[in-house]
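Basis for what follows: all heavy atoms, side chains included, without hydrogens, waters or symmetry-related copies. Order of appearance sets the numbers: ligands from 1, and atoms from 1 within every ligand.
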Amino acid sequence: MPATVHASPSYQNLEQLEQLAKGRLSDMAFQYIVGGAEDEVTLRANRAAYHDYRFMPRVLRDVSDVRLGTTALGTKIAFPAIVAPTGFHQLCHPEGEVATAQGASDGGTIFTASTIANCSLEDIAKGSEGPKWFQLYVFRDRSVTESLVKRAKKAGYKALVLTVDLPVHGRRERDMRTGFHLPKGLTMGNFPAGPLASRSGGDSSLKTFVAEQFDPSVTWEDVKWLRKVSGLPVVVKGVLHPEDAALAVQHGVDGLVVSNHGGRQLDHTVATLDALPAVVDAVDGKCEVFLDGGVRRGTDVLKAVALGARAVLVGRPVLWGLSLGGRRGVAGVLDHLRNEVRTSLQILGAPGIDELDMSYLVPQPSGKP
Ligand SMILES: Cc1cc2nc3c(=O)[nH]c(=O)nc-3n(C[C@H](O)[C@H](O)[C@H](O)COP(=O)(O)O)c2cc1C
């Protein structure tokens with residue numbers, strides 16, 4: 001398990017961290033990271049859903065040494081949180097994804113590298129010894145996808161995370177307003193030469209890139225294909241409907257992420273915490289279920305785990321940490337969240353994260369403060 005990395009003394013919670021990061025980033029970068037689709041109803045709903053459960057603590061149990069560790073697809077992690085795939089980390093820090101991966105490793109967890117990282121998947125792998133997953137978008141040109149998959153396997157990534165909730169780019173109005181683009185000098189590191197890199201490094205928008213390159217015709221057949229060509233465990237990210245969860249199991253996936261892309265794709269989508277219980281039921285233990293979207297507190301992690309998530313993925317807060325302090329900033333965010341998880345678990349009276357279940361929660365009628 002990792003050495004403890006001290007959380008930055010300058011914030012008490014991850015919401016404050018966002019405000020600190022805002023002061024460090026260009027307006028364009030901040031709006032790109034913080035924003036969601038259209039009216040951002042889903043973005044807010046992801047957070048609000050955590051208010052719909054209260055804890056029912058137990059007392060007089062020995063909680064002097066609570067167990068926080070778990071595994072994700074067989075990899076040990078210090079507590080049930082994994083770094084979510086997010087694009088373009090050099091918007092936040094010159095060392096980009098290499099620093100984030102190092103910080104994740106210091107924080108004792110898995111780093112998920114995005115297809116649209118600024119650093120190449122090989123540089124990320126060389127730069128950090130910690131466990132890593134590779135997030136994949138399927139390109140119209142399947143040979144691009146296949147080559148990415150093979151490179152990820154060769155570089156030692158332990159799993160593929162296939163993102164399925166972005167057949168087309170969501171309507172992100174903040175990015176329309178700022179004219180979001182990759183600043184000069186930044187490229188997509190996984191495509192260092194050739195047409196993809198030059199399309200992405202200049203003035204073309206991310207939306208155009210997605211429309212030109214990503215394949216909206218992907219189906220479950222492609223999941224089978226991916227398992228075959230990669231030989232790696234496959235996690236499908238972006239499932240909300242229980243019938244899709246059942247299909248994922250039928251197609252032999254190793255895990256799925258209940259996700260709405262952090263509220264960045266279809267607005268008015270169900271909040272992920274609200275979708276979780278039916279997905280867990282449908283999967284019936286046949287693959288691991290993860291969740292992301294709006295996790296900002298240790299208590300959020302406990303609620304997701306109690307409802308059946310193996311672990312959560314954390315997106316934006318990691319980027320705020322990266323903006324403020326590179327590798328140390330990322331490790332600090334994870335350390336902070338882990339400390340919140342530990343304190344809350346102790347007061348909840350649960351000796352281990354693995355013991356959490358619905359008996360620790362009371363559903364709260366919506367609208368109650
Ligand atoms: C700036 C940003 C970039 C993202 N890029 C990707 C990506 O490249 N691939 C992907 O699967 N998801 C991407 N996501 C979605 C995240 O993986 C994750 O689903 C979401 O951020 C979780 O919500 P949270 O930020 O509230 O923790 C991105 C999210 C953000 C905020």
Extract all donor-acceptor atom pairs below 3.5 Å that involve side chains of residues 222-238 and protein atoms in other chains or at least two apart in sequence.
{"unit_1": "D222", "atom_1": "OD1", "unit_2": "R142", "atom_2": "NH1", "d": "2.4"}
{"unit_1": "D222", "atom_1": "OD2", "unit_2": "T219", "atom_2": "N", "d": "2.7"}
{"unit_1": "R227", "atom_1": "NE", "unit_2": "G252", "atom_2": "O", "d": "3.2"}
{"unit_1": "R227", "atom_1": "NH1", "unit_2": "H251", "atom_2": "O", "d": "3.3"}
{"unit_1": "S230", "atom_1": "OG", "unit_2": "L226", "atom_2": "O", "d": "2.8"}
{"unit_1": "S230", "atom_1": "OG", "unit_2": "L232", "atom_2": "N", "d": "3.0"}

Which residues share a side-chain hydrogen bond (donor to acceptor under 3.5 Å, both in side chains) with R316, sequence neighbours left out
none
Under 3.5 Å, side chain of D39 to main-chain N/O of V41, donor-acceptor pair present?
no
Please check: side-chain N/O of Q135 versus main-chain N/O of G87, any donor-acceptor pairing under 3.5 Å?
no
Using heavy atoms and a cut-off under 4.0 Å, could you grab the residues that are in contact with ligand 1, chain by chain, numbers ascending?
Y32, I33, A84, P85, T86, G87, S114, I116, Q135, Y137, T163, K237, S259, H261, G262, R264, D292, G293, G294, R296, V314, G315, R316, L319
Qualifying salt bridge (Lys or Arg N to Asp or Glu O under 4.0 Å) pairs with a residue from residues 261-278, counting only residues at least two apart or across chains
none
For D65, I'd like to know if atom CG has over 12 heavy atoms of other residues, nucleotides or ligands within 6.0 Å.
no
